[in-house]
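The block underneath contains the structure these notes are about, expressed in C-alpha cells.
None of the values given here were measured: they were computed from a predicted structure. Any value given below was found using the heavy atoms of this structure, including those in side chains, with hydrogens, waters and symmetry copies removed.
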Amino acid sequence: MGIFEPYRAIGYITAAAPFSVQRLGTETFVTVSIGKAWQIYDCAKLTLVLAGPQLPKKIRALASFKDYTFAAYGSDVGVFKRTQQVATWSKHEEKIYLLFLFGEHVISLDIKGHMFLWAFKGVEPNPEPVGHIQLDNNFSPSCIMHPDTYLNKVIVGSNEGRLQLWNISTKKKLYEFKGWNSSVRCCVASPALDVVAIGCSDGTIHVHNVRYDEELVTFTHSARGDVTALSFRTDGQPLLASGGSSGVISIWNLEKRRLQSVIREAHDGPIISLHFFANEPVLMSSAADNSIKMWIFDNIDGEARLLRFRSGHSAPPLCVRFYGNGRYILSAGQDRAFRLFSIIQDKQSRELSQRHVTKRAKKLRAKEEEIKLKPVIAFDCAEIRERDWANVVTCHMDTSQAYVWRLQNFVLGEHILTPSAESKTPVKTCAISACGNFAVLGTEGGWIERFNLQSGISRGTYTDTSVESQCAHGGEVVGVSCDATNSIMISAGYHGDIKVWDFKSRELKSKWDVGHSIIKFVYHRANGLLATVADDMVLRLFDVVALRMVRKFEGHTDRITDLCFSEDGKWLFSSSMDGTLRIWDVILARQIDAIRVDVSITAVSLSPSMDVLATTHVDQNGVYLWVNQAMFSGSSNIENYASGGHVRNVEMPSISSKEGSLEESTQPLVDQHQIKNSPLVHPDHQIPNLITLSLLPRSQWQSLTNLDIIKVRNKPVEPPKKPEKAPFFLPSTPSLSGEILFQPNADVVSKDKDDQTIEVKHHNGKFDVTSRFLLLLQSCGDKRNFSAFTDYIKSLSPSTLDIELRMLQIIDDDDLEEVKQRPELHSIELLLDYFIHELSLRNNFEFIQAVIKLFLKIHGETVRRHSILQEKATQLLEVQSLVWQRIDKMFQSARCMVTFLSNSQF
C-alpha cells in the first residue's frame, strides 16, 4: 500500500454510446455511458442520481427498464438492478454492437449478425437466451427498431444499405427493403403508423412507409457527414430532429417538407443520440464532446434555445490546480475551455464564461471554437482578492497577451495584460503575488513585466543590462514566482539561468547557472526552496536565500511533465511521461513513494490539506483524484504506507466506485428506507489521545439537553382526544404509545408509533412489555460489545430516547429490598457500564455527553440511593475526568499558541 491510492475521476458526463431514456411516473431519467461505467441523470434538472460500477471493458450499448440497467461491454451484457449486478449474459462470441428493449425482453446484436433474445423478469445469474437469430453473412447490422403495432417484429438496418423485417417469435425474415445504396446509420419510428425515418451515411434522411415499402419524403443535410441520430416530436407538431457527424442539429417540417431551423454548433463533436420527450417540446441531445444538452422549442419563430446542459472537457486538460481550500479544481484543457470542478458536489462544476461566445459566433457566422480563447498553457490564482477584482491570470498558446478572470462571478475579467516589448512574442508563464495585487508575466522573447491586477496597468519591467536584447533573459522565460513578502521575484530562463530580482525596484540581486536547459520550475513561498526540472530529467532544489543547490533527485526515465510542492514544503511531487508519479521527501532527501499508471500524467496538484491529489493524463478528458491513505488511517509512521524506491503499478481511479456510488439522494430511484436502516460505519483505528465525534446533526444531540424547554414550547393548545375504544369482545391492552394492541393467547411482536419494535409476552393474564431499547441493551451488555446499541440510540429521535430512559424510572422505591429485585435497576446498571465503555474508547463524544446529562437528570436520585449504582457512577466520573483533562490540555495549548501569535509584532 502506498501513500496515495486511487479515489475517483471527475469531469465525465457522457461518452460515445447512445443514451437510454425511460419515464417512471412523472419523472424522466436518462442513462448514459461514461466509458467503462454508466450514470443516471434526472432530466428535471440534469442532476446525478446513480452511478454504476466499473466494468472491465468499455460500454458500447445501453438499455434501461425501471430499476434495471443493461450494459453491453465486449461480448457480454451486464444486468444491473440499481447498481448491483444481478446477472451476466455471455452467449455472444463477438463484440456486442446494439441493445434494444422489446417489452419484457432485451435484444442483443453483435457485429457478426448474431441476434439473441433475453428475458430479464426473474433473472438468473447465468441464464440462457430465449431465442437466437442468425442474420445473413453479407448483412452487418448497424441499427434496430420496432415499428409500433407490429407484433413481435423488428427492423434491422445494415452497413450495406439494406433493411430487413424479422419476426423474433417465429425467427423468420418477413421482408427485405432494398435501401438507397448507402449505409444505414439510424432508424426511428414516427407517431404515425407504418412510418419510419431512416438516416444514411450520405447525409440523407428517408421518411418511409414500411407497410407499402414507399418513400414519403427525403431530406438532405447541407453539411457533409453521416446522419447519426433521429427523433420525432410527439406533442402534435410534425417535426423531425436529425443530428450529424458535424455536430449540427437540423429540424425538419414534415408537413411543409422543408428545413425549419438549424441548431448550429449544438455540439463540438458528432451527435450520438437525440430524443424528444413524450408530449413535450423538449429535445435532449448527447455527443462525443462529453456533454448532454436539453433544448426547448418555445420561441415564436419555432427555433430552439438551450434549456439546461451538463458538460466536461471535450479534449484532455493541460493544467490543474486546487482552489477554495481544496474544495474546487481549476482546469484548463485543449478544448479552449477554462473550468471549475467541485470535488464535493458535482452539480457545482461549471465552465467559466468568455463573454457571449454563442452570440458573437452567430453574429460573425463563425464557429464557437474559433471565437474562444486559445488553449491555456499556464495560469496562476490568488484567493485573497477574490471579492475585490480579477484573481486568476492565464497564458494562452501562441498569444502575446494574458487574460484575467473573476472567479467571484465565473467570468472573463475586464482587463487584458499586454507586455510592452517591441517584439511581440507569446506569453509563456505568469505568477500572482502573495498579496493578490500584482501579476508578473514572462514571454518567449525573455521579457518580464509586472502589472496591477485592479487596473491592468503596467508597473515596470525587469531588465538585465548584461543581456544583449535588453530583456530579463536571453531566451524563453520558463517560470516566474514571487515570495511571501513581495521582497524578491525569481525567474528562470530556458538556457539554464536563474535570477533573483528585487520585487519593488526591479533590480537584479543575484543569478546562477544550472548548467542545463530548464523546462519547468516551482517555488515554495514558505520555505524558500526552488525546484527545477532540466532536460536531463534531474530534479534540483535550490535555496534562494543561500543561492546554492541543496537537493538533487534522480529516477525518472522520460520527460518530466509537472512539479508540485506539498503545503508544508516537506514533499515534492513529480510526474513524467514514463507513467510514474514520484513523491520525494525534501528533508530526508530520498524518494518515499512512486506509482506507475497505464496512461502518462501531464499535470499534478495537491490540495492544501494534503488529503487529495489531482492528476490529468494523456488522451483523458477527466481529472483523476487520489486520496491520502496515510492521513485517514490514523498512523503517524509513513513507512507503513510508502514503498520507498520501489515503483508500484496502480490502476487509475475509476469514474465510479466498484460497488456503485450514490449522489443527490433525494431522487425517486433512491431507497430511503434502506438508507435509514443501514448500519453506521465505525472507524477501524482510534487516533491516540483524541476523541471521535458522532457526526450527527447538531440539533439531534443538543435537543437532548434542552428537552424540557422544547416540550414547554411545543405544548399543544387543545387537550388530547381520547382514543376510540376497542370492541367489547376483543381483549386489549394499551401500548407504550397509547395505541391498542389486540392480544391473542400467543406472543405478539408489534411496533409503536416511531416504528420501534416492542416485544409483548402473555403470561397468565399479565403482559410484559419489552422495547427494542432494553433488548439491545441486555444483549450488548452480556457480550460487552455496545456497537449495535450505539447505532440504535443514534437513530432515535431525542423525544423517543427520552421516553425510553424514563421507562426505566423507579417511582415506588419505599421498600429497598423489593427494589433490588426489579429489572429496571439492572438496566440502569447496564447503562452506566455502557457510558463507561464508550467514554474509555472516546467514541461519539458529544452525543454520549448529551445522553449522560439526560440520564442523570432522570435517574440521578436512583443512583444516589443505591450503593451498586454509586460504585458505577464513581467509575464513570473517573473515566470522564481522565478523558476531559486530556482534551482540555490540548485546548489550552492551542489557546496559548493563538494568544501568543495574535499578540506578536512582526
Quiz prompt | Charged N-O contact under 4.0 Å between E651 and R596 | solution =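 Not counted as a salt bridge, because no side-chain N and carboxylate O are separated by less than 4.0 Å.
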Quiz item: Salt bridge check: are D76 and K57 linked by an N-O gap of less than 4.0 Å?
Solution: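 No, D76 and K57 are not salt-bridged.
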Quiz item: Aromatic rings F70 and Y68: how do their planes relate, parallel, tilted or perpendicular, breaks at 30° and 60°?
Solution: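 If you compare the ring of F70 with that of Y68, the planes turn out parallel.
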Quiz item: Sequence neighbours excluded, which residues qualify as side chain to side chain contact (heavy atoms under 4.5 Å, CB included) partners of S481?
Solution: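 Counting only residues at least two positions away or on another chain, S481 forms a side chain to side chain contact (heavy atoms under 4.5 Å, CB included) with F521, Y523.
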Self-check item: side chain to side chain contact (heavy atoms under 4.5 Å, CB included) partners for C381, two or more places apart
Solution: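 Result, side chain to side chain contact (heavy atoms under 4.5 Å, CB included) vs C381: R321, Y323, L330, V392.
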Compute whether any side-chain donor of one residue and acceptor of the other, for [X] and [Y], lie under 3.5 angstrom apart.
X    : Y    : answer
T615 : W626 : yes
R339 : S311 : yes
Q348 : Y328 : yes
S600 : H617 : no
T69  : T31  : no
Y7   : E5   : no
S517 : H495 : no
S349 : S342 : no
N621 : H313 : no
D558 : S576 : no

Side-chain heavy atoms of [X] within contact of [Y], under 4.5 Å:
X    : Y    : result
F553 : V538 : no
L581 : V597 : no
F565 : L606 : no
V79  : T88  : no
L99  : L62  : no
V533 : L539 : yes
V440 : C482 : yes

Practice problem: Begin from the C-alpha positions of S314 and N290 and carry the test side-chain hydrogen bond (donor to acceptor under 3.5 Å, both in side chains) through to its verdict. | Solution: CA-CA 5 Å; S314 59; N290 195 24; over 6 Å; no
Quiz item: Quick check: does any side chain N or O of H524 sit under 3.5 Å from a backbone N or O of S566, one acting as donor and the other as acceptor?
Solution: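 Side chain of H524 to backbone of S566, a donor-acceptor pair under 3.5 Å: yes, one is there.
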Quiz item: Which residues pass the salt bridge (charged side-chain N to carboxylate O under 4.0 Å, His left out) test with R551, sequence neighbours left out?
Solution: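 By the salt bridge (charged side-chain N to carboxylate O under 4.0 Å, His left out) rule, R551 matches no residue at all.
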Is the distance from the ring center of [X] to that of [Y] below 6.0 Å?
X    : Y    : result
H516 : Y494 : no
F410 : F338 : no
W405 : F379 : no
W584 : F573 : no

Exercise. Test S575 against every option in D562, T561, T616 by the side-chain hydrogen bond (donor to acceptor under 3.5 Å, both in side chains) rule and name the one that passes.
Key: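 Testing S575 for a side-chain hydrogen bond (donor to acceptor under 3.5 Å, both in side chains) against D562, T561, T616 leaves exactly one candidate, T561.
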Exercise. Apply the test side chain to side chain contact (heavy atoms under 4.5 Å, CB included) to residues I655 and K36: give CA-CA distance (whole Å), side-chain angles for both, the deciding distance (0.1 Å), then the verdict.
Key: CA-CA 8 Å; I655 300 175; K36 295 183 179 180; over 6 Å; no
